[in-house]
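In what follows, a single structure is set out as structure tokens and then discussed.
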Amino acid sequence: MLTKLSNSKFLIPAMAFLVVLATGAGFYISLKQSQNRQERSEVSQGLFWPNPKQIKDFSSEDHNGNIFGSKQINGKWSFIFFGYTNCPDICPITMSVMVDVYRNLTTEFDDIQTIFVTVDPERDTKEKLSSYVNFFDKNFIGLNGEPENKNSLVRQIGIAYFSNKEKDNYLVDHSASIFVIDPKMRLIAKLSPPHQLEKIIDQFKNIKRFVDEKG
Amino acid sequence: MKKVNAIFFFLLLFLNINIVLAENSQKIHIYDLWINEAPPTATVLVAYVVLKNNSKRLMTLNSVSCPLFSSIEIHRSIIKNDIASMERHSMLEIPSKSTIKLSPGDFHLMLFNPKIPLNTHDTPIFTFSFLDGTQIPVTATIRKRKDMTH
Ligand SMILES: [Cu+2]
């Protein structure tokens, strides 16, 4: 009887305490989330934070036949676009902006690289890829999408694309965003179209400052 | 006498063609036709153009041709939920008294399988054909890549 009484005596305050604790925790979590959201939007649209995806080891071949993989991504800021050389409108528009971005940023920073990954590896041979990236900038890197390789950038970043290959001159629907990987090999941002030089430069500088601060 | 008749006939034919061409160019004005410079290995190129319909009737563009390409299609680029795609249009309607501009990131002409790599000094001639039978030849220019974003 006594224990029962004392139990109920403590039960209500204990429950009340738990409720306060739970609400407090919930409040803290939602506050933290909204802080993250605010932090993200202040830095840049498309920033993946606080949990950017870590890019795993991979190895591929560039348009010159040289090895290109995680070793070449590590320690650099990489701008990556996924497209195909038979895309004459959206892809060249994006590539042209990437040229401007690359030439602008490399006057200030020396650890920038631009990568074009083809989502049409059947038609985009190494020769086509090479002529394509060189046409835009001699320093651009062309990679085969390697959809069969589970560690390829296409698979790791999770790029969606679709084509009906039964048709002649088939088209490929593909992501229109530019992805950014930081020097610690974290997928740090997805920059959405429309792509403009000034906008991307601003976004990049904000992201870089933020990442340098956060470590 | 027969000779004079023949000359007269050809003169009349010539005049007639000129009148038809003049009427067509008044009805619909096609200008600023340009091809975006592409890598020499490119198998698909793109062209942009402006079509101005001065007539009182709807004009429907149903084909574009140029001997330098295996085929030409009218496309529109669309970006939806971050996915870029192109849809093919079998024709393009230009309402009366209005202008339609084909431009980067929107409507464009897809030029398949160029027979030769094009240079900036090339001036290929395209033929624009309309549903009412009107055919208009237009000369294209090749623009350097750098001009695309400006
Ligand atoms: Cu197209």
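The shown structure was predicted, so the numbers you read here are calculated from the model rather than taken from an experiment. Naming convention: chains lettered A, B, ... in sequence-line order (proteins, then strands); numbering from 1 in each chain.
Counting heavy atoms from C-beta outward, B:Met110 and A:Leu171 have side chains that approach closer than 4.5 Å. Between B:Asn36 and A:Pro88 there is no side-chain heavy-atom pair separated by less than 4.5 Å.
Shown here for B:Ser85 and A:Asp173, the closest heavy-atom pair between the two residues is CB-OD1, 3.2 Å. Summarising the geometry of B:Gly105 relative to A:Ile90, their closest heavy-atom pair is CA-CD1, 4.2 Å, with the distance given to 0.1 Å. Heavy atoms only, all atoms of each residue included: A:Asp89 and B:Ser77 are closest at OD2-OG, 2.6 Å.
If you take OG1 on B:Thr41 and CZ on A:Phe135, they are separated by 9.5 Å, rounding to the nearest 0.5 Å.
Within the 4.5 angstrom heavy-atom criterion, only side-chain atoms of B:Asn113, from C-beta onward, approach chain A. Only the backbone of B:Leu45 comes within less than 4.5 Å of a heavy atom of chain A; no side-chain atom from C-beta onward does. With a 4.5 angstrom heavy-atom cutoff, A:Phe82 does not touch chain B via any of its atoms.
Atom CD1 of A:Ile67 has 12 or fewer neighbouring heavy atoms from other residues, nucleotides or ligands inside a 6.0 Å radius. Around the CZ atom of A:Phe162, the shell of radius 6.0 Å holds no more than 12 heavy atoms that belong to other residues, nucleotides or ligands. More than 12 heavy atoms of other residues, nucleotides or ligands shown are found within 6.0 angstrom of NZ on B:Lys97. Sparse packing is recorded around NZ of B:Lys56, with 12 or fewer heavy atoms of other residues, nucleotides or ligands lying under 6.0 Å away. A 6.0 Å sphere centred on CG of B:Asn81 holds no more than 12 heavy atoms belonging to other residues, nucleotides or ligands. Annotation for B:Lys52: atom NZ does not count as buried by contact number, only 12 or fewer foreign heavy atoms lying within 6.0 Å. Heavy atoms of other residues, nucleotides or ligands lying less than 6.0 angstrom from CG of A:Asn66 number more than 12.
For the options B:Leu111, B:Ile78, B:Asp82, heavy-atom pairs under 4.5 Å to chain A are most numerous at B:Asp82. Contact count against chain A (heavy-atom pairs under 4.5 Å) is highest for B:Met86 among B:His75, B:Glu73, B:Met86.
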